[in-house]
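Encoded as structure tokens, the structure appears first; notes follow it.
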Amino acid sequence: MTTKTPAAIALGCAMLLAAGCGALPDKPARATLYDFGPGPAASASAPAPATLPTLSLAEFESNSRLEGTQILYRLGYADVNELRPYGQSRWSLPPSQLLRQRLRDTLSERRMVLGPEEAATISRGRGEAPDTLRISLDEFSHYFDSASASTGLVRLRATLVRTTSGGDRVLGQRLFTVRRPAPSADAPGGVKALVAASDAAVAEVVQWVDQLQQQQPRQ
């Protein structure tokens, strides 16, 4: 019978420990976070003077799937009714909050933009409330027309409301649907397409609001 030396025993233990360490599960991968980037206004040398009426921007409304931070996609060629999340990619904030911030930044280039509480304070002090822009975000997904062709799809409904002594009056309501091509069929490509589609939708909304207020000035 062969007696194992202490060195042999130590070597065996070391091998067992090494094998045990190798069997440990890997740490879960941390999700990659995305936002809309700094935006075009970040490169401006100086803010433009406020030349348009003050506007109140309400909190966005959205369906429950868009209240989280998942980056969602649809396979239009397979099951258009199913929203699927990318596993290891997230928005830094819910899409409605990111889009609202982008819209507020863009509107603020030519006017004062207030939140609901700020608008209520001014209304109590002056006896007149600014027009209120309400947005419902209905779709915000990386949409696949085929396995190789996809777009960022943004659909929102905008309502501009004016509060008068006789009550609220709708100045206009419009549905905006914008698509922008995705450079790749994955989460990073979907993010780029959705940011581009969001910027285009924001530009359309801003132009629409400007036209409505110019066509229907306060008396």
Side-chain angles (χ1 to χ4, degrees), residues 35-69 91-140 152-180 194-219:
D35 60 20
F36 280 16
S43 59
S45 56
T51 58
L52 295 172
T54 298
L55 187 70
S56 172
L57 181 59
E59 298 295 334
F60 278 28
E61 297 179 359
S62 62
N63 63 56
S64 58
R65 287 303 302 271
L66 298 179
E67 291 175 357
T69 58
W91 295 110
S92 59
L93 293 170
S96 59
Q97 294 184 33
L98 291 171
L99 188 55
R100 183 180 184 275
Q101 184 60 53
R102 187 69 117 210
L103 178 58
R104 180 167 186 166
D105 289 345
T106 306
L107 286 167
S108 297
E109 293 175 5
R110 296 179 60 198
R111 67 174 80 231
M112 181 181 294
V113 181
L114 306 176
E117 293 183 0
E118 298 167 319
T121 300
I122 288 183
S123 177
R124 287 192 296 268
R126 298 181 181 177
E128 182 179 272
D131 293 343
T132 299
L133 178 59
R134 299 172 181 167
I135 302 289
S136 173
L137 181 59
D138 300 329
E139 181 72 17
F140 197 85
L153 174 59
V154 175
R155 185 172 66 249
L156 56 86
R157 186 181 304 276
T159 306
L160 187 63
V161 178
R162 175 167 295 169
T163 299
T164 66
S165 57
D168 290 346
R169 180 166 66 92
V170 175
L171 299 184
Q173 185 178 79
R174 181 176 164 187
L175 180 66
F176 296 85
T177 301
V178 181
R179 289 174 177 256
R180 288 296 182 269
L194 282 166
V195 172
S198 297
D199 284 341
V202 163
E204 290 186 20
V205 170
V206 170
Q207 183 180 28
W208 175 75
V209 170
D210 291 351
Q211 290 174 347
L212 280 179
Q213 289 193 312
Q214 290 168 3
Q215 292 168 359
Q216 303 180 63
R218 282 187 175 274
Q219 301 301 320

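Heavy-atom minimum distance, G68 versus P95: O-CD, 3.3 Å. Scanning all heavy atoms of the two residues, the minimum distance from T106 to V202 falls at OG1-CG1, 3.5 Å. Heavy atoms only, all atoms of each residue included: P53 and R111 are closest at O-NH1, 2.9 Å. Looking at every heavy atom in both residues, P130 comes nearest to S56 through CG-CB, 4.1 Å. Looking at every heavy atom in both residues, D138 comes nearest to S136 through OD1-OG, 2.9 Å. Listed here is the closest heavy atom pair of L103 and F60: CD2-CZ, 3.9 Å.
From R174, atom CZ reaches atom CG of L160 across 13.0 Å, with rounding to the nearest 0.5 Å. To the nearest 0.5 Å, atom CZ of residue F140 and atom CG of residue N63 are 12.5 Å apart. Between the CZ atom of R100 and the CG atom of L93 there is a distance of 12.0 Å, given to the nearest 0.5 Å. L52 CG to S108 OG: the interatomic distance, rounded to the nearest 0.5 Å, is 11.5 Å. Atom CG in L57 sits 9.5 Å away from atom CD in Q101 (nearest 0.5 Å). Here the straight-line distance linking atom CD of E61 with atom CG of L156 works out to 12.0 Å at 0.5 Å rounding.
Using bins of under 30°, 30° to 60° and over 60° for the plane-to-plane angle, the ring pair W91/F36 lands in the perpendicular bin.
Shown are T54, L55, T163; of these, the side-chain contact (heavy atoms from CB on, under 4.5 Å) with D131 is made only by L55. When L137, D199, V195, I135 are each tested for a side-chain contact (heavy atoms from CB on, under 4.5 Å) with L99, only one passes: L137.
Few gaps surround CZ on R104; more than 12 heavy atoms of other groups in view lie less than 6.0 Å from it.
The side-chain heavy atoms of D168 and T132, taken from C-beta on, include no pair separated by under 4.5 Å.
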Query raised in the report: Taking it one step at a time, do S62 and E67 satisfy side-chain contact (heavy atoms from CB on, under 4.5 Å)?
Result: CA-CA 7 Å; S62 62; E67 291 175 357; 3.7 Å; yes

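Between R110 and D210 there is a salt bridge, with a side-chain nitrogen of the basic residue lying less than 4.0 Å from a carboxylate oxygen of the acidic one.
Between the side chain of E204 and the backbone N or O of F176, no donor-acceptor pair lies under 3.5 Å.
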